[in-house]
Each structure stands twice: as C-alpha cells, then as structure tokens.
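Keep in mind the model is a prediction, meaning the values are calculated, not measured. Quick note on labels: first sequence line is chain A, next is B, and so on, each numbered from 1.
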Amino acid sequence: MDRRKFIALLSTIAASYNLKFPLTLAAEETASAAVAPAGTGFPDLVGVAGGTPAAMFDRAIAAAGGIERFVKQGQKVLVKPNIGWDKKPEEGANTSPELVKRIIELCLKAGAAEVRVFDNTCNHWQACYGNSGIETAVKEAGGKMLMAHEESYYTPVDVPAGKVLKKTAVHQAWLDSDVIINVPILKHHGGARMTAAMKNLMGVIFDRRYYHSNDLHQCIADFTTIAKKPTLNVVDAYNVMMRNGPRGVSTDDLVNRKMLLLSTDMVAIDTAAAKILEVFPQEVAYIGKAAEHGTGSNALDKLRIERLTM
Amino acid sequence: MPYLKRIRQLLALAMFTAFVLIFVRFDSFGSLLAATGLVQFAPALTGPFMWSSVAVIVGILLLTAVFGRVYCSFICPLGLIQDLMLRLRRLFSKAGYHSLPALAWLHAVIAALVGGTWLAGYMLPTAMFEPFAAGGRIFAGIFQPLAAFLFKYKSSFFGDSVNWLGMASFKPFDMAGTAILVGMTLLLFFLCLRWGRVYCNSLCPVGAILRLVAGHSLVKIVIDTEKCVSCGVCAKTCKTGCIDAAARTIDNSRCIACFNCLDTCRLNGIILKSGSDRHAASSSNSGTETKPLLSAPNGRRAFIGGLAAAATGYFLPGKLQSAPSADTILPPGAGNHKDFSSRCISCHLCVAACPSSVIRPSSPGTGLRSLQQPSLVFDLGMCEQNCNLCSQICPVMAIKPIMAEHKKFLKIGEVVYKQNLCVVETNGTDCGACAEHCPTQAVRMVPYRNNLMIPQTDPSICIGCGSCEHICPVRPAKAIIVKAVAEQTTITLPEQKKLAPKAENEFPF
C-alpha cells in the first residue's frame, strides 16, 4: 500500500466515522477515483491548446478515456465552476459558460441522473449566476443551478488530516454527489498568488474568512485531504487573467492563451497551471503543501503528460 | 350599495399585496413600484419638481375633489396597514367605533409643523408622520426581515434548486432601528384599537391636505335626515368616527371613503350623493363640522395656529442641530450629507431593494438629522459595483439617478488600512482577501518580508464600495475599513500597460 492510498484510506475511515449520513460508499469510490493508480493507460495530465474551450474539452476528455470513464449511468454529478464574480464571460473572471455547458451535456449523454452546479460567490450570487452566463448555460444544457449563499446549505465535515483546517462546513451537494467535476478558471490571485483547481474549492465551503485568517495556503491544502475529492479537474485557461486577479480591473488584464488542462490530480494540474500563469509553482505555497499531504504530485517531469494542439 | 365596499376591499388588497411583494422581493417585483410608489402623494410633493409629480398631485387632488379621500382607503400604504390592524381589532373586540371630535385645529398645527420642518430641510418629522414613508418602514423593517428570517432558517421548505420566488436576501433586524419601528407600529396599533383611524385625521400631513378638498367633494356620503332615526348603527362602522348620529351629520372632510357605513342602515338613511344633488346634500349637512377646515371660527384658529407651527418647524430644528452627521457613508448618488439629509423621507425602499443588504437605517448615534435615513454598513455585503438599484428607485431622488457605467467609478467612501491589525502582520501568513475583492485595485498586494504579500492602498482610486471591509477576516475590529467622504466624486483609473500577447500552442510545461 503506497502513501497516497494509505492516506486516502485513512481519511475515508475517519470520514465514515464522523459523518452522520451514509456517505461511506460514495466517499470510498471517489477517493479511489481521485488517486487512480498509474498504469491505467491514460495520461496523468492532458493539456490542449488552440481551440475554443468546449472543443478543447472534447479533445482532452477523449484523450483521458472519454467521459464514460468518470461518469456512470444513473450517477449524480456536481460540476463546480468558478462563478465568484459579477462579471461577464469576456471579462475572464468566471469559468467560460460554454465549457460548463459542454461538460454538462457530455455528463447527461453518459447517463448521469442529474448534473448540478453551484458556487459560493463573492459578489451577490444572483448577479454572479446571471451575468457570468453560467445560469443560462446550465439551464440550456439540462443541468440544475443550486443556491449556495446561506449557511443552511452547508454541513459541517471533519478534516482529520488537516494541519490548520480541522473542520469546515461543506455544501450538501458536494457531499451527496457521486461524481465531482471541478472546473476552475486560471487567474492571478492577489491573496493566494494563483487560483485554479485547489483554490476553486474555496467555493464549496461556507466560511472563507477562516481560511484567510488561519494561514490561507495551509487551509487550501488541508481541504484537499477530505475524503470527498473531485473526480476530475478541468482548468479553463482560454483567457488568462495575468494581473489584478481574481476580480480583474479590465480586460487589459487578460491574455488570450487558448489552453485547457484536464487531470484527476489537483496538484499536478495546478503545477502546470502556474506555469501558464508564469508563476513559479514553488511560490504558490498551497501546491507544495498539498503535495506534502499526498493529494497529488507536483513533479511534472515524473508524470505522463499528453500535449495536444488544435 | 354593498358592492362599493367590496370593490374597495379588493383594490386595497391588491395594492397591499403589491407593497408586500415590492418590499419583500424587490428583485422580482420591483416593477410593481410604478403602480404603487409612484402614485403616492408625499413623495411627489417633497421630491424635486417633475411634471410626473405634478400629475400625481393634481390627479390625487382631483380624485379627492370628485370622490373624497379614496387615496386613504385604496392607495395609502399606512392606511392599508391600519385597515389590517383594524381587522385584527375584531379579534379583541366586537365593539364598534365611536364618533370622534373633528380635531381640525390640532391636525392643521401638526401638519404645518411637519411642513415647516420639511421646508427647512429637516426631514425627521416628515419621515415620522408621512404615511408612505411610515408604511414603507414597516414593510422594509418588519415584513422583509421576517420573510428573510424564515427563508434563512427554513430554506429546506423551498427545495434545493434555485427557487427565485422563495428567496429573499438576508435582511437583519437592527436593535435600535427595529425598536423604534416596533414602538411606532405598536403605538399606531394602540391608536387603532382605541380610536380607529384617528392618525389619518390628526397626525397625517397628507390627510390634512386632502381634508381641505374632501369636504367639498362632488360625490359624498350623506345622511337623509328625513329617514334617519339617530340609531347610530352606521357610526359604529365608521373607522374615522366622522359620523355624528345624534346630530345626523357626516364630516366629509374626515371621511376616507371606505364605504363601510353605506349598507348598514335598514332605513336607507345613509346614501351616496353626487354633486348634482348638492342642494339636498347641504340641506342635510348643516352641522359646523362639515364646514371646510378654513371656515370660521375653527378655521381661523387653525390657520393662525398652522402659521405659527410652520414657522416653529422652519426655524426651531436648525437651532437644535445645524448640520447632519458627516460620518455616515451615503448610498451612491446621494451627493453629500446636507443634500441627502434634506431630501430623504426615510421610506426605506432602498433599504428593502439593496440586494446585498448594505443600505440600512442609520442608528440613533448619528444624530436626529440622519436618524432612520439610510446609510451603508458593510457587515453583510458590499456595495456591488454593477448595481445602481437604489439610485433608480428613490421616489424623492434623494439618491439621484446615476448610470451603471458611472456608478462603477463613483466614490462613496475611502479606504483606511490598519497594518497593525492585519493578518499578514499579526500572524505572518498570507491573506489578501481585501485586495482580492477590490474592484479597482485601490487595495493591492505588494511583496513583504518572508515571501509574504501585504495590502497597500491607494485611496485616490478607492470607490468606497466596502468589499475590503466586508471580507476582512480580522475580528473584533477589522484591519481595513471604509470611512465617509464629504462629497461623492468620480475616480479615474490610471492607464495600465497592455500585456504582451503570447505565442500560441506553446506549452510552458
């Protein structure tokens, strides 16, 4: 049993001990999915460049074994984009709605029972859901928007492996979904240096101020140790906010990189994302801390990476 | 004619429902405002000159001149609230209403006092006595927080998907403001229990104006003295106590056209008469109380008393507090404290509509001139950069209309950063929540010791939206706050260098 498996098993046992509802089975499944062993024949990380976000996702998911590898008939899927800001799609502060739409369509095609979407937004949630174009995209694709602005939607969960974050309230939909697809947008971030896959998970917990006042980087890394992990991560790096992030002052802050990353490994995908953002991965402290936790690998040279251009 | 009362009840119920919907869910039902808020007398009178306001005032006066004070029974929010209270009264008491004295003198003095303070730009009395604002505060301060409270703690009732109808953004009860409001509502309830709609004929400034016209209305309720036996059945149904059964007279200046009395008389002794029969009507209405307010001898006294009261109202408050507090952060479009405080009638429409619940009634600590007038508090949210709702809806334009594009750069406050309280300084860990939320990067993160980043502020490009203050995790005192500015101005963002485009299809990893 390797270290990653051991930690996953440990956190699964701990979670099943602490949670009050029958989550154990789902947690075991996703925990094992998140650390799919090498030798499955699929790349650890897929990078695609040169297409539209939706087209790049199609290429990436095909290279990773197709959506059916992650979404099975009758499963409940959660798609978690970044919808943090009251900004329009072209302002590059939220995940591209066309990407979210494409992912939901594919999930439903693969037989998902339902696909739900939410984010605990920074600006007023209705403005964010509406102006980001994501609410419309989700509806068009046949998914369902969930509210996430009140504490009552969140359930307290223990984080047994956390160094600083020992307990946090997580959105109910995160806990009761079978499959989680984490779809952040890559941006510069004044506080955390960069936001991509791991930072995006701050939108599924209720109390972000706790993170900010108790070592932000450690808390971000600690949260990745909870039993329930994203099944798949897709980083939207089509328009990348290179400065003044994560909100952005104007579209002058964006560079059109036309890229997309896909991986089951949050640490690997964030390490690659940092390089697109032109930030040293070592400077983004939570990447190293999450690697220490065994969430994933930041040693890109040791991973199988598939680079595709369109 | 029982159908008149039914029509009144239906229309009033529709109006009341509209008020509830507007004040509880402005985002979905704000468009109803055109049908309710804009036909209100006092906002049209106290707001800046506009032909639409003139039309509203003339319209209501004409309506009153023809049908009497239907405004009070069909349109006025506080009138509708009182009628609701009177419905509740029936649970406590089966007793009817009493005939009340005209109180014309008192009413004139109070209305003149309020009018005087209004002319002097001292709005608290107007805010307290004027029925649209008083009603608005009850909707915004009691109904809406209650709905929000139910939603916050009982949200499972509404299901887990986005339920746009059932949702109300969280609105807090604030201790002082709610106490004042509940106190005033209870007082009104007490007045209702005791004397019916006595407020409308003694305290209400709009009532005082309409009263002058209603006494001469073309269509009015009169007693047929030939048939009347002074049994008093009709008087028991009169909420304003304007029927004097013994004298067989009705004071039409006080009648609010609720039509409750019309079908009570089995002898058909109380009837609706139109102006064509004015002769018959006046012959049956010879009592002094039906005379208009300004007729002698009560009228003269009322006139002189009113003049004195108006003068007192105009000159006295300035002696008590010459200028409003400058410490409050005003809603975007308010300009400065003096202008805002002399225009705002505290109807709390903006308080109800603000999607992030940052517009709240000022606490008593800010002084009487701004008491109950809205100001911004950032504990529940920030003044959203793309939102200009409050400036769109202010019925008296105390918050002037500003375009959404202009609003993004309108400075309503200024940032104050306290490094000694900041997490980066005290804990030695990264935070950056303030800079993250800042829409203009007036707060940005700059390198600090130990590979940390620390906030640096540039007040010249700060718009005072409160995003930084709202999100700052430091407690009890926040490390970054927004202070008030004397005058709202527009900032200019510095030009930023264009970023160099990147070569396509080159993976950096």
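Of the listed residues H189(A), K258(A), M310(A), M242(A), the one with more heavy-atom pairs under 4.5 angstrom with chain B than any other is H189(A). Ranked by heavy-atom pairs under 4.5 Å with chain A, the list G432(B), A503(B), P473(B) is led by P473(B). Taking L493(B), N427(B), N451(B) one by one and counting their heavy-atom pairs under 4.5 Å with chain A, the maximum is reached by N451(B). Interface check for chain A: of the options K502(B), K408(B), E506(B), the most heavy-atom pairs under 4.5 Å are formed by K502(B). Counting heavy-atom pairs closer than 4.5 Å to chain B, the top-ranked of the candidates L308(A), N244(A), D301(A), I305(A) is N244(A).
Within the 3.5 Å criterion, the main-chain N or O of K87(A) finds no donor-acceptor partner in the side chain of N386(B). A donor-acceptor contact shorter than 3.5 Å links the side chain of R307(A) to the backbone of F509(B).
Looking at R193(A), the atoms closer than 4.5 Å to chain B (heavy atoms on both sides) all sit in the side chain, from C-beta outward. Residue contact with chain B, scored on non-hydrogen atoms closer than 4.5 Å, involves the backbone of L254(A) exclusively. Heavy-atom distances place the side chain of M382(B), and not its backbone, under 4.5 Å from chain A. For C422(B), no part lies under 4.5 angstrom from a heavy atom of chain A. Of the two parts of D253(A), the backbone and the side chain both hold a non-hydrogen atom closer than 4.5 Å to a non-hydrogen atom of chain B. For R257(A), the part lying under 4.5 angstrom from a heavy atom of chain B is the side chain only.
Q496(B) and R243(A) are linked by a side-chain donor-acceptor pair at a separation below 3.5 angstrom, with hydrogens and angles left out of the test.
Note that CZ of R247(A) and OG1 of T440(B) are 9.0 Å apart. Values are rounded to the nearest 0.5 Å. Between the SG atom in C128(A) and the CD atom in E384(B) there is a gap of 6.5 Å [rounded to 0.5 Å]. We find the CG-OG distance between N123(A) and S467(B) to be 7.0 Å, quoted to the nearest 0.5 Å. The structure places SG of C387(B) at 9.0 Å from NE2 of H124(A), a figure rounded to the nearest 0.5 Å. A distance of 12.5 Å separates CD in Q218(A) from CG in D430(B), rounded to the nearest 0.5 Å.
Considering all non-hydrogen atoms of both residues, C431(B) and H212(A) come closest at O-ND1, 3.2 Å. Closest approach of P246(A) to E436(B), counting heavy atoms only: CG-CG, 3.1 Å. Closest non-hydrogen pair, P508(B) versus M259(A), comes out as CD-CE, 4.3 Å. Shortest non-hydrogen contact noted between M445(B) and G191(A) is CG-N, 4.4 Å.
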Task: Test log, rule side chain to side chain contact (heavy atoms under 4.5 Å, CB included), inputs H217(A) and T429(B) - done: CA-CA 8 Å; H217(A) 289 289; T429(B) 54; over 6 Å; no
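Close approach to chain B, defined as a heavy atom under 4.5 Å from one of its heavy atoms, is seen in A272(A), K275(A), I276(A), E278(A) of residues 271-278 of chain A, taken by number.
Proximity of Q385(B) to W85(A): side-chain heavy atoms (C-beta onward) are nowhere separated by under 4.5 Å.
The pair D252(A)-K497(B) fails the salt-bridge criterion, with no side-chain N (NZ, NE, NH1 or NH2) lying under 4.0 Å from an Asp/Glu carboxylate O.
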